[in-house]
2 protein chains.
Amino acid sequence: MATIKDLAKLAGVSVTTVSRVLNDHPYVSKEKRKLVLEAIEQTKYEKNVNAVHLKTGRTQLVGVVLPFSDHPYFAQLLKGIAKQAFKHNYKLVLIQTDYQEKREKEALHMLRQKQIDALIICSRSCDLDLITSYTLYGPIVVCEKVHGDKLSSAYIDHYQAFQSALAYLYETGHQKIGYSVSRLDGTSSKERAAAYRDFLAAKELPCRLDYVFDKMLYFEDGETMVTQLKQMEDPPSALIITNDQVAAGVMTCAGRVGINIPEKLAIIGFDDHPMAQMMGISSMHIPLEEMGEHLFKQALGKESKDKVFHATLIKRETV
Amino acid sequence: MATIKDLAKLAGVSVTTVSRVLNDHPYVSKEKRKLVLEAIEQTKYEKNVNAVHLKTGRTQLVGVVLPFSDHPYFAQLLKGIAKQAFKHNYKLVLIQTDYQEKREKEALHMLRQKQIDALIICSRSCDLDLITSYTLYGPIVVCEKVHGDKLSSAYIDHYQAFQSALAYLYETGHQKIGYSVSRLDGTSSKERAAAYRDFLAAKELPCRLDYVFDKMLYFEDGETMVTQLKQMEDPPSALIITNDQVAAGVMTCAGRVGINIPEKLAIIGFDDHPMAQMMGISSMHIPLEEMGEHLFKQALGKESKDKVFHATLIKRETV
DNA sequence: TTGAAAGCGCTAACAT
DNA sequence: ATGTTAGCGCTTTCAA
């Protein structure tokens, strides 16, 4: 495999000149440039990027931390990230964590080791302080509201989103409202819980802890939820559901056990996935792809440190 | 940021000794090791992996080429790949191509530039010969049957899978069988087409080109398919569908327009996704995750060059 | 406009 | 068991 040294020798110029040609620098005469180009052609020369990485200290690689890549929510986010990465000629290193702290730490470690230029954390298990401490080694972007100016962030205002879903259900006559989340200790779940609590308090409704369903993430979880619902003596009349996949699952199973939607049970999903549109499921639209694009631009320092996205209610036939 | 030189100075040893400690090599006395370890601690030293990459010529990075990361089929495959990557302490560079040749070439280029140690191509648009020519620069694994010994491959025997689905439908009394694919010019679609043709010929059934549906990939495509079906004068009585997502979409929409499943239309999906299980959709089970794991091991040269996986029919309630 | 030379931070052959 | 040293292939400063 040829190196610039070989090219230099072959073209009868210095390595500096070769490097200049390679990097489109000025101050190279037409003749020498041509000579170098010919040498490149002849030897089928290809740059060893690792040398460049060592020299420049950058790799054109951005790490993306996410718990699962097989969920439409993260897949959509990833799509936006990938779009901008491609645009800026960066590649993405995928770090699937399954919410294992160990794996998140590996990602942070890669930043520290300079294997990646920046890190995007779509969802985390690690402590925020730990993550923040790694900003010393490169830009880190997270998907939640943060304090301080070390981390960049782009996130959904889940509190507000949840409030508007609640308000809508309340307006349409529901008083027994429940909801589901993917993991109770997640950041967005906490916001949802706060919105729920505050809303119930404002309307002087009782807070029903049995109306909160945990571990609902995939389509098939909808079945579990319907089963649980069926066993309740006093089930909710409306549900705000983790995402459209679970909502679709609920929708699919509910009919079988005689739970008619929306008569007996109103549901609102999240994300406004094409699936929700097709099935006529009311949903909170979230600009996931746009958010993903923003995340990447932030990782490159090309955007403001802080960006909130708002969800909007899409009314369909399930409320 | 400290370097091994700094450590050497601080610990009063040579860089070699430091390097040995860093890489767990033998021949370092307990005392010196301790000294080095202390220096590491003190300086919060971290290896610059780019230097290692340059020196060793390897990056512990494997590229994964796939058209979309937001489809369950590829997400599942990716899961298996990621599992093994983690096990072997490799990271994955994700290259989403949208089936654009330009992007696939970028991936090949990364291999050539030594930015990745190996490349896994889950689905391609590029010419196989072009891909093969890059094996010069590192191992490449693809998901289809190949000739020659340059490329490794792990793949589903789609011909056989399709034949058994057809046989099953035929046995249950269907003569008007149609099918759908995601893209007609894809490798697996060609195998399916061959199986279809051969089967019809064997049973002396007419080959109905209007029974072949293209561009069916996502859940929401099921709606399109049902619409098309509804407009046909002489629609098929059974369908072998691209994958379980589309099958679920068909299932969801069919009822609305009076197409009862399986009475009026029998369907068989592919992949045996949890969704199919939940909805009672008959499906061809494919060991996707296992295949993903295999792909990665092949990329590392730890497995045979060639591996066929077989699909198995899971009978549920849609036939 | 060109080139010599000094690294980037690490590994490993070789010498001791 | 330990150290010296020569690179890995490139970029970039500095001098010409």
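Letters go in sequence order (proteins before strands), and every chain restarts at 1.
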More than 12 heavy atoms of other residues, nucleotides or ligands under 6.0 Å from NZ of A:Lys150: yes or no?
no

What's the verdict on salt bridge (charged side-chain N to carboxylate O under 4.0 Å, His left out) for A:Glu191 and A:Lys145, showing C-alpha distance, side-chain angles and the deciding distance?
CA-CA 11 Å; A:Glu191 278 197 70; A:Lys145 191 171 193 157; over 6 Å; no

B:His53 atom NE2 is separated from C:dA12 atom P, nearest whole Å, by 13 Å

Under 3.5 Å donor-acceptor, B:Ser189 side chain and B:Asp185 backbone:
no

What is the per-nucleotide protein-contact pattern of nucleotides 8-16 of chain D, from the 5' end, where B denotes a base atom under 4.0 Å from a protein heavy atom, S denotes such proximity for sugar-phosphate atoms only, and - denotes neither?
BBBBBB---

For the residue pair A:Tyr137 and A:Tyr134, does the interplanar ring angle fall in the parallel (under 30°), tilted (30 to 60°) or perpendicular (over 60°) class?
tilted

Output for pair (B:Leu7 CG, B:Leu35 CG), nearest 0.5 Å, gives 11.0 Å

Give a yes or no on whether a salt bridge exists between A:Glu293 and A:Lys87, defined as a side-chain N under 4.0 angstrom from a carboxylate O.
no

B:Gln115 backbone acceptor or donor facing B:Thr59 side chain under 3.5 Å
yes

Stepwise salt bridge (charged side-chain N to carboxylate O under 4.0 Å, His left out) test for A:Lys91 and B:Glu106
CA-CA 10 Å; A:Lys91 294 291 183 305; B:Glu106 270 191 25; 2.9 Å; yes

With rounding to the nearest 0.5 Å, note down the distance linking OG1 in B:Thr3 to CG in B:Asn48.
10.0 Å

Among residues 27-41 of chain A, which contact DNA chain D at a heavy-atom distance under 4.0 Å?
none

Does any residue of residues 108-118 of chain B have a heavy atom under 4.0 Å from DNA chain C, and if so, which ones, in number order?
none

Distance col, row B:Ser152:OG vs B:Lys302:NZ, nearest 0.5 angstrom, shows 13.5 Å

